Amino acid sequence: MKKQYWLVKQEPETYAWATFVADGQTVWDGVRNFQARNNLKAMQAGDAVLFYASMDPRQVMGIAEVAQTAFPDPTVPADEGWVAVKLRAVRALRQPVTLATIKADKALADIALIRQSRLSVMPLLRAEFDRIVQLGSA
DNA sequence: GCCAACGTTGGC
DNA sequence: GCCAACGTTGGC
């Protein structure tokens, strides 16, 4: 199936990019929002994922990929219906892309990160994904 | 620290 | 089923 593109958001205090890199792979659990959950369920192995650190420093830190598709979130009873995925860290962006940069970029004006700031798992268009990676490669 | 956006809860 | 109250998230 066609490769999809995503952005996941996390507060560094909860799970930092550096921790993710050190772990290599992690279970992305704790999502308690229906829209975000539906996005998790739609992920396929090999999909590309951007990792955004909210609050401080408000930057896209790096690239990950879906290592395992959705399974019941192990932190809550399975009958509650929440899911988790496994993500693998791929590489850091040479230069993190700040929220301010994203907001200032015309090509990224419509991304959910701006339009719906509270959503923690969101789809990206390939063009949006590529643009952020490009900005992070400068 | 404040406030806007949004989701959830509970009274009716 | 509507809507006000409240809680949470996250930008500023």
Side-chain angles (χ1 to χ4, degrees):
Chain A
M1 198 186 268
K2 197 180 166 196
K3 186 173 177 177
Q4 302 172 113
Y5 300 85
W6 308 96
L7 183 146
V8 298
K9 187 159 58 176
Q10 187 55 274
E11 297 178 43
E13 206 171 293
T14 304
Y15 193 73
W17 168 255
T19 311
F20 184 30
V21 170
D23 290 348
Q25 178 170 297
T26 194
V27 174
W28 205 262
D29 58 20
V31 170
R32 299 290 180 268
N33 169 286
F34 288 106
Q35 205 178 340
R37 186 199 66 181
N38 290 342
N39 290 332
L40 286 180
K41 284 183 171 178
M43 288 184 180
Q44 304 157 32
D47 280 358
V49 181
L50 290 176
F51 183 109
Y52 174 79
S54 65
M55 308 297 280
D56 179 25
R58 286 171 216 154
Q59 290 174 342
V60 176
M61 303 302 292
I63 301 171
E65 67 179 6
V66 177
Q68 187 182 324
T69 53
F71 54 93
D73 185 332
T75 64
V76 287
D79 62 7
E80 291 183 15
W82 300 112
V83 300
V85 297
K86 268 189 194 161
L87 297 181
R88 180 184 306 118
V90 174
R91 67 178 175 88
L93 292 177
R94 187 176 309 156
Q95 184 181 305
V97 178
T98 67
L99 182 63
T101 300
I102 290 169
K103 287 188 119 169
D105 195 288
K106 288 192 189 72
L108 299 173
D110 284 332
I111 72 170
L113 185 66
I114 296 169
R115 287 202 344 269
Q116 210 180 337
S117 67
R118 291 184 55 193
L119 186 61
S120 62
V121 181
M122 65 196 77
L124 293 178
L125 299 175
R126 176 173 185 177
E128 294 166 343
F129 180 95
D130 288 347
R131 178 62 179 154
I132 291 172
V133 171
Q134 183 191 348
L135 290 168
S137 305

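Naming: A, B, ... by sequence-line order, numbering from 1 per chain. No experiment lies behind these values; they were computed from the predicted model shown.
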Look for any protein N or O under 3.5 Å of an N or O in nucleotides 8-10 of chain B and output each such pair with its distance, or none.
none

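At the heavy-atom level, Leu119(A) lies nowhere under 4.0 Å from the strands shown.
Residues satisfying the ring-ring contact (aromatic ring centres under 6.0 Å, His included) test with Phe20(A), not counting sequence neighbours, are Trp17(A), Phe51(A). Phe34(A) is linked by a ring-ring contact (aromatic ring centres under 6.0 Å, His included) to Trp82(A), counting only residues two or more places apart in sequence or in another chain. Residues that satisfy the side chain to side chain contact (heavy atoms under 4.5 Å, CB included) test with Thr14(A), not counting sequence neighbours, are Gln10(A), Glu11(A). Glu65(A) is linked by a salt bridge (Lys or Arg N to Asp or Glu O under 4.0 Å) to Arg88(A), counting only residues two or more places apart in sequence or in another chain. Applying the side chain to side chain contact (heavy atoms under 4.5 Å, CB included) criterion to Gln68(A), with sequence neighbours excluded, gives Phe71(A), Lys86(A).
In this structure, CE of Met55(A) is placed 17 Å from P of dA4(B), rounded to the nearest angstrom. dA5(B) atom P lies 12 Å from atom CZ of Arg118(A), rounded to whole Å. Rounded to a whole Å, the CE atom of Met122(A) is 14 Å from the C1' atom of dC6(B). Remark: P of dG7(B) and CZ of Arg37(A) are 14 Å apart, rounded to the nearest angstrom.
Nearest heavy-atom pair, Thr98(A) versus Thr101(A), reported as atom, atom and distance to 0.1 Å: OG1-OG1, 2.8 Å.
Within the helix from dG1(B)-dC12(C) to dC12(B)-dG1(C), the inter-axis angle between the opening and closing five-pair segments is 10°, rounded to 10°.
Position along DNA chain B of the nearest nucleotide to Arg115(A) versus Arg58(A) favours Arg58(A) as the more 5'-ward residue.
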Please list, one pair per line, the donor and acceptor atoms closer than 3.5 Å that link side chains of residues 56-64 of chain A to other protein atoms, with sequence neighbours excluded.
from     : atom 1 : to       : atom 2 : distance (Å)
Arg58(A) : NE     : Met55(A) : O      : 2.7
Arg58(A) : NH2    : Met55(A) : O      : 3.2

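For the side chain to side chain donor-acceptor pair (under 3.5 Å) condition, the pairs that include at least one residue of residues 26-35 of chain A, sequence neighbours left out, are Tyr15(A)-Thr26(A), Arg32(A)-Asp73(A), Arg32(A)-Thr75(A), Gln35(A)-Gln116(A).
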